[in-house]
2 protein chains.
Amino acid sequence: MPKNKTKPISTAIEDYLKAIWLVAQDASASTNDLALQLKISAPSVSSMLGKLREQNFVHYEPYRGVRLTEKGEREALRLLRRHRLIETFLLEHLGYDWGEVHEEAEKLEHAVSDTFTERLDTFLGHPSHDPHGDPIPTLKGKLPVTPNTPFAELSIGETLKIARLMSQDKDVLTYLKSLAIEPSKELQLVKREPVGGLVHVEIDGAETVLSKELAMLIRGEVIV
Amino acid sequence: MPKNKTKPISTAIEDYLKAIWLVAQDASASTNDLALQLKISAPSVSSMLGKLREQNFVHYEPYRGVRLTEKGEREALRLLRRHRLIETFLLEHLGYDWGEVHEEAEKLEHAVSDTFTERLDTFLGHPSHDPHGDPIPTLKGKLPVTPNTPFAELSIGETLKIARLMSQDKDVLTYLKSLAIEPSKELQLVKREPVGGLVHVEIDGAETVLSKELAMLIRGEVIV
DNA sequence: ACTTTATTTTAGTTATGCCTAAAAATAAGA
DNA sequence: TCTTATTTTTAGGCATAACTAAAATAAAGT
């Protein structure tokens with residue numbers, strides 16, 4: 001009779017898996033990147049990576065970086081699903097604003113069961129994307145494909161149908177909202193300044209200016 | 001400059017405070033009672049009680065039992081408020097049944113912020129009691145007074161307006177529900193068997209029999 | 001190639017919060 | 001009261017997951 005001990009997944013492990021996914025999707029992440037992302041010291045990360053490998057959540061050779069195994073990615077996406085459904089609930093039904101949502105979801109995602117998650121999914125009407133426009137992984141761990149062209153890459157005169165805003169910073173999000181820049185809106189590139197990369201844009205008939213950095217965060221689909 | 005270290009309240013501490021409150025409200029609880037309630041060994045409880053005393057959550061002299069301080073009770077009631085609001089949400093909006101609710105709420109109550117709790121309270125319409133009929137502590141830590149006479153103590157012919165069912169056991173709750181015994185219903189004591197304490201009751205015009213133990217769990221107000 | 005710098009790992013601590021086994025205090029029964 | 005039984009505490013461990021300091025490895029610069 002083999003041991004076959006399936007250890008429970010701690011919230012620490014969940015956070016590591018999510019961090020690896022965020023930092024390196026399917027590529028490979030460095031110890032330092034993870035330490036930064038998790039706000040934890042590099043030695044702590046290093047030692048945890050050993051444990052994650054032992055439990056087959058990651059491929060990891062010392063000094064050579066980490067990447068998620070299939071098992072690890074499954075868990076990361078399961079957590080991401082919980083996170084984004086919870087965010088959707090907080091924003092749409094409890095009156096949270098951008099600034100408050102993240103921290104709360106970060107705690108709750110570790111506490112809810114699969115049952116809760118699926119009931120919440122039903123309650124919310126099975127959304128495919130959260131209010132940021134980020135895709136919500138399905139129960140089977142598939143990510144709905146999402147138009148992802150950065151606004152910054154358009155040519156003069158082109159228009160982007162906004163799908164998502166790739167930031168979780170409160171100030172960024174509320175600033176964009178104050179300009180009416182939100183998922184499903186259409187944004188046209190009017191002019192690009194020759195130095196500094198500022199872009200002039202038109203939305204809802206009004207014109208404003210965006211920095212290059214901001215323009216990189218706005219993603220969506222180029223339309224005719 | 002004094003240290004003045006206000007340590008964060010761990011989920012373990014929250015569970016102990018809740019357990020002490022449940023076991024001994026304002027009276028004093030024994031180490032063993034708590035070990036039973038928390039499903040933790042007595043030595044573990046003993047050592048934790050020392051820590052709780054150091055942080056002024058409890059009054060505790062070795063061998064002489066524990067009771068909550070004002071500070072401890074405030075925390076216990078804050079947790080209880082979260083618990084009961086969460087249960088209400090799960091039962092009324094996510095389609096949970098009696099059996100599933102407890103476990104989920106037990107985890108979530110440690111994860112939600114005060115902000116979440118108050119937004120949820122608003123979402124739910126500021127309920128004073130949860131669907132069990134248990135009173136929900138207010139933000140200020142007051143417990144709404146609740147009619148609390150056990151059905152078992154009525155005299156023949158008297159009727160109880162049910163306010164709460166003092167059990168968190170799935171089977172008990174669903175059994176009572178199958179007999180239409182729920183908060184706000186009226187239950188009349190028809191007859192008491194001379195041996196064994198079985199009671200014959202009438203509810204919604206139908207008659208059934210309840211054990212003495214069950215009759216103790218049904219609480220409410222005697223009406224004319 | 002070699003030296004400096006940066007990254008990563010090892011070694012050794014710490015704090016929580018649980019456990020079992022054994023000792024001490026209290027409570028109960030003859 | 002004195003002995004037995006129960007309850008509670010002390011003693012000593014273990015697992016998780018963080019930390020700092022120092023050593024090892026890898027990367028970059030000249």
Side-chain angles (χ1 to χ4, degrees), chain A residues 3-20 23-24 27-67 72 75-76 79 106-107 109-111, chain B residues 3-20 23-24 27-67 72 75-76 79 106-107 109-111:
Chain A
K3 275 282 169 80
N4 203 353
K5 226 182 226 313
T6 303
K7 276 205 265 188
I9 298 174
S10 68
T11 81
I13 288 180
E14 289 183 335
D15 280 336
Y16 275 89
L17 297 178
K18 190 172 76 165
I20 297 169
V23 163
S28 112
S30 79
T31 301
N32 241 0
D33 288 346
L34 294 177
L36 258 316
Q37 170 77 25
L38 291 163
K39 289 168 187 155
I40 274 173
S41 74
S44 300
V45 171
S46 191
S47 107
M48 182 58 111
L49 292 182
K51 293 173 196 164
L52 293 180
R53 186 191 43 200
E54 266 169 33
Q55 297 183 245
N56 290 113
F57 288 118
V58 299
H59 296 294
Y60 167 60
E61 289 303 323
Y63 296 104
R64 305 185 59 196
V66 238
R67 56 174 40 206
E75 284 308 321
L79 187 63
E106 209 87 354
K107 278 211 85 179
E109 64 188 1
H110 299 296
Chain B
K3 273 286 170 79
N4 202 354
K5 228 181 225 307
T6 303
K7 277 206 266 189
I9 299 172
S10 68
T11 81
I13 289 179
E14 289 183 335
D15 279 336
Y16 275 89
L17 297 178
K18 190 172 77 167
I20 297 168
V23 163
S28 112
S30 80
T31 300
N32 242 1
D33 288 346
L34 294 177
L36 258 315
Q37 170 77 25
L38 290 163
K39 289 167 188 157
I40 273 173
S41 74
S44 298
V45 172
S46 190
S47 108
M48 182 58 111
L49 292 183
K51 294 172 195 165
L52 292 180
R53 185 193 42 200
E54 267 169 31
Q55 297 184 244
N56 290 113
F57 288 119
V58 298
H59 297 294
Y60 167 60
E61 289 302 323
Y63 295 105
R64 307 184 60 196
V66 238
R67 56 174 39 207
E75 283 309 319
L79 186 64
E106 209 87 353
K107 279 211 83 180
E109 64 189 0
H110 299 298

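Remember, it's a predicted structure, so these values are computed and weren't measured experimentally. Per chain, numbering begins at 1; letters A, B, ... match sequence-line order.
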Requested in this report: Let me see the working for M48(A) and L52(A) under side chain to side chain contact (heavy atoms under 4.5 Å, CB included), right down to the final yes or no.
Outcome: CA-CA 6 Å; M48(A) 182 58 111; L52(A) 293 180; 4.3 Å; yes

Query - First-last contacting nucleotides on DNA chain D - partner chain B, under 4.0 angstrom, heavy atom - result: dT7(D) to dT10(D)

Report task. Let me know, please, whether Y63(A) or I40(A) comes out on the 5' side of the other along DNA chain D by nearest nucleotide. Result -> I40(A)

Requested in this report: Could you state the atom-to-atom distance from CG of L17(B) to P of dG17(C) in whole Å?
Outcome: 12 Å

Report summary line: note: L36(A), atom CG; dT8(C), atom P; distance rounded to Å ~ 10 Å

Query raised in the report: What distance do E54(A) atom CD and K7(A) atom NZ have between them, rounded to the nearest 0.5 Å?
Result: 7.0 Å

Query raised in the report: Expressed in angstrom and rounded to an integer, what is the separation of N32(B) atom CG from dT26(C) atom P?
Result: 16 Å

**Report entry** dG17(C) OP1/OP2 closer than 4.0 Å to side-chain N/O of S47(B)
**Finding:** no

Report task. Whole angstrom is fine here: how far is it from OH in Y16(B) over to C1' in dG17(C)? Result -> 8 Å

Query raised in the report: I40(B) and D15(B): side chain to side chain contact (heavy atoms under 4.5 Å, CB included), yes or no, with the steps?
Result: CA-CA 11 Å; I40(B) 273 173; D15(B) 279 336; over 6 Å; no

Query raised in the report: Which sits closer to the 5' end of DNA chain D, P62(B) or S10(A), going by the nucleotide each is nearest to?
Result: P62(B)

Report summary line: Taken to the nearest whole Å, CG/L38(B) to C1'/dT16(C) is 16 Å

Query raised in the report: Counting any heavy atom closer than 4.0 Å, what does S44(B) reach on the DNA or RNA strands: base, sugar-phosphate only, or nothing?
Result: base

Query raised in the report: If you look at every strand shown and take non-hydrogen atoms under 4.0 Å, does A42(B) touch a base, only sugar-phosphate, or nothing?
Result: base

Report task. Using a 4.0 Å heavy-atom cut-off across all strands, classify P43(B) as base, sugar-phosphate, or nothing. Result -> base

Requested in this report: List the steps and the verdict of side chain to side chain contact (heavy atoms under 4.5 Å, CB included) for Q55(B) and I9(B).
Outcome: CA-CA 10 Å; Q55(B) 297 184 244; I9(B) 299 172; over 6 Å; no

Query raised in the report: Does dT9(C) have OP1 or OP2 sitting under 4.0 Å from an N or O in the side chain of S46(A)?
Result: yes

Report task. Give the rounded distance in Å between these two atoms: CD of E61(A) and P of dT8(C). Result -> 15 Å

Query raised in the report: Base, sugar-phosphate, or nothing: which does T31(B) touch, judged by heavy atoms less than 4.0 Å apart?
Result: sugar-phosphate

**Report entry** Check: Y60(A) and S46(A) side chains under 4.5 Å, non-hydrogen atoms
**Finding:** yes

Query raised in the report: Hey, does K18(B) have a side-chain heavy atom less than 4.5 Å from the side chain of E109(B)?
Result: yes

Query raised in the report: In whole angstrom, what separates K7(B)'s NZ from dT14(C)'s C1'?
Result: 12 Å

Requested in this report: Test L79(B) against L17(B) for side chain to side chain contact (heavy atoms under 4.5 Å, CB included), laying out the working first.
Outcome: CA-CA 9 Å; L79(B) 186 64; L17(B) 297 178; over 6 Å; no

